[in-house]
Amino acid sequence: MAPTDREIESIFRRVHQGLPREAPGSAETTALLVRMAGELPSDPTVFDVGCGTGSATILLAELTGGRVTAVDVHEPYLAEVSRRAAEAGVGDRVSVMRESMDALPVPNGSIDLLWAEGSAYVLGFAAALAAWRPLLSDTGVLVLTEAEFITPDPGEEAAAFWSAGYPAMRSTAQNVAAAQKRGWEVRAVYVLPDSDWDNYYAPLRARIAELEREGVDSEVLAMAGAEIGVRERCGGDYAYTGYVLRPRS
């Protein structure tokens, strides 16, 4: 009997539960993007939107010296963020918020650094820029990482995979143009190295193997890990790119 949609969702949750990150990235890339963001206030208000299990949250607290609000809709992720923050000694400067990223309940102009590693796709690049811009302070900065095509003619397999998972995915040139058209200054564009993908996929691959040994449905696990094979075969067609953006006055 084929698994139900609910069973498939449950298995996908098990695959991702406790992974160190939910998208390509690294501590080194986070630190680099913070430096690229430029000068921040001495005690900045930082929001880590779509924080997952907090792969960037704790680093943001340490690197900026500010107060970081980690935002996600999945309660177990937020519990893990709180645990990690306490363990790292920054629990007094990290709070969590269970809210949708498209309607954050914060005053306009109140955020100095809005951070979104691998999460803007939930809204779509252009929609995220529109939703988040009013929230930034006069000197605020938006840093995000985004999956995008890096070749003008991606292969059939890569195009089909991303068409199903992220229909609104575009190229670097299209995203830069979209940001500029909507009144953003593009301060930096940085293509994440292959090692950042390994940081995401190696734990994912290990978790899938662990669940296979436990007898979890192999067909569903193959679905959960399909993106690893696509990346191995088609990695030259797409990348994760970091953007540092400031609103133009």
Side-chain angles (χ1 to χ4, degrees), residues 3 5-31 33 47-62 68-88 90-91 94 96-98 100-101 115-122 143-147 161-162 164-166 169 192-232 235 238-242:
D5 288 346
R6 179 172 293 183
E7 289 169 335
I8 292 173
E9 181 180 356
S10 176
I11 292 172
F12 268 70
R13 288 288 190 193
R14 289 184 66 187
V15 167
H16 286 269
Q17 188 66 40
L19 292 183
R21 57 174 53 253
E22 291 296 315
S26 65
E28 293 77 14
T29 291
T30 296
L33 291 173
F47 271 64
D48 183 7
V49 179
C51 62
T53 55
S55 57
T57 308
I58 282 75
L59 270 173
L60 289 172
E62 293 171 342
V68 183
T69 301
V71 182
D72 210 289
V73 296
H74 190 45
E75 185 64 41
Y77 286 167
L78 297 177
E80 178 67 7
V81 171
S82 295
R83 186 195 67 78
R84 288 186 177 185
E87 189 176 80
V90 294
V94 172
V96 299
M97 177 185 288
R98 188 178 183 183
S100 174
M101 66 177 68
W115 196 272
E117 282 196 39
S119 61
Y121 82 94
V122 174
V143 177
L144 61 86
T145 63
E146 171 79 350
F161 174 79
W162 286 104
Y166 186 12
M169 181 164 147
L192 275 59
D194 288 342
S195 57
D196 280 12
W197 288 84
D198 295 337
N199 290 337
Y200 172 41
Y201 282 149
L204 176 61
R205 195 193 304 269
R207 173 60 54 77
I208 290 172
E210 175 187 339
L211 294 177
E212 283 179 336
R213 291 191 294 270
E214 294 178 10
V216 174
D217 190 295
S218 60
E219 184 175 344
V220 178
L221 291 176
M223 292 166 54
E227 62 180 290
I228 299 175
V230 175
R231 177 65 187 175
E232 290 172 344
Y238 59 92
Y240 255 78
T241 303

Check V220 against P3 and note the closest heavy-atom contact, atom names and distance.
-> CG2-CG, 3.6 Å
Go through the steps for E117 and R21 under the test side chain to side chain contact (heavy atoms under 4.5 Å, CB included), then give the verdict.
-> CA-CA 10 Å; E117 282 196 39; R21 57 174 53 253; 3.7 Å; yes
Taking the side chain as every heavy atom from C-beta outward, state whether V94 and V81 have any atom pair closer than 4.5 Å.
-> yes
One should read off an interatomic distance between Y201 OH and I228 CD1, to the nearest 0.5 angstrom, of 6.5 Å
List the steps, then state whether side chain to side chain contact (heavy atoms under 4.5 Å, CB included) holds for M169 with Y121.
-> CA-CA 8 Å; M169 181 164 147; Y121 82 94; over 6 Å; no
Report yes if the side chains of R98 and L78 come closer than 4.5 Å at any heavy-atom pair, otherwise no.
-> yes
Are H74 and E22 side-chain neighbours, meaning at least one heavy-atom pair lies under 4.5 Å?
-> no
Which atom of N199 lies closest to which atom of G25, heavy atoms considered | ND2-O, 3.0 Å
For D194, salt bridge (charged side-chain N to carboxylate O under 4.0 Å, His left out) partners two or more places apart = R231
Would you check if the side chain of T53 reaches a backbone N or O of L19 as a donor-acceptor pair within less than 3.5 Å?
-> yes
Any idea which heavy atoms bring A147 and Y240 closest together, and the distance?
-> CB-CE1, 3.7 Å
Pairing of R213 and E210 as salt bridge, 4.0 angstrom limit | no
Heavy-atom pair of closest approach, residues V15 and A224 | CG2-CB, 4.1 Å
Heavy-atom side-chain contact between S55 and P20 under 4.5 Å | no
How about V71 and S119: do any of their side-chain heavy atoms sit closer than 4.5 Å?
-> no
L192 versus T241: any side-chain heavy-atom pair under 4.5 Å?
-> no
What do you reckon, are the aromatic ring centroids of Y238 and W162 less than 6.0 Å apart?
-> yes
Going from CG on L60 to CG on D48, what distance comes out if it is rounded to the nearest 0.5 angstrom?
-> 5.5 Å
Quick one: are L33 and W115 in side-chain contact, heavy atoms under 4.5 Å?
-> yes
Does atom CD of E212 have more than 12 heavy-atom neighbours, drawn from other residues, nucleotides or ligands, at distances under 6.0 Å?
-> yes
Hey, is the main chain of R6 close enough, under 3.5 Å, to the side chain of S10 for a donor-acceptor pair?
-> no
Apply the test salt bridge (charged side-chain N to carboxylate O under 4.0 Å, His left out) to residues E87 and R84: give CA-CA distance (whole Å), side-chain angles for both, the deciding distance (0.1 Å), then the verdict.
-> CA-CA 5 Å; E87 189 176 80; R84 288 186 177 185; over 6 Å; no
How far apart are the closest heavy atoms of S26 and D196, and which atoms are they?
-> OG-OD1, 2.9 Å
With the threshold set at 4.0 Å, does a side-chain nitrogen-carboxylate oxygen contact exist between R205 and E232?
-> yes
Could you grab the distance from atom CD of E219 to atom CD1 of I11, nearest 0.5 Å is fine?
-> 10.0 Å
Would you indicate whether the side-chain heavy atoms of V96 and Y77 approach each other to under 4.5 Å?
-> no
Keeping the roles fixed (side chain from R207, backbone from Q17), state whether a donor-acceptor pair exists under 3.5 Å.
-> yes
L144 and A120: which non-hydrogen atoms are nearest, and at how many Å?
-> CD2-CB, 4.4 Å
Could you tell me whether a side-chain N or O of T145 sits under 3.5 Å from a main-chain N or O of G242, the two making a donor and an acceptor?
-> no
Taking D72 for the side chain and G52 for the main chain, is one N or O donor matched with an acceptor at less than 3.5 Å?
-> yes
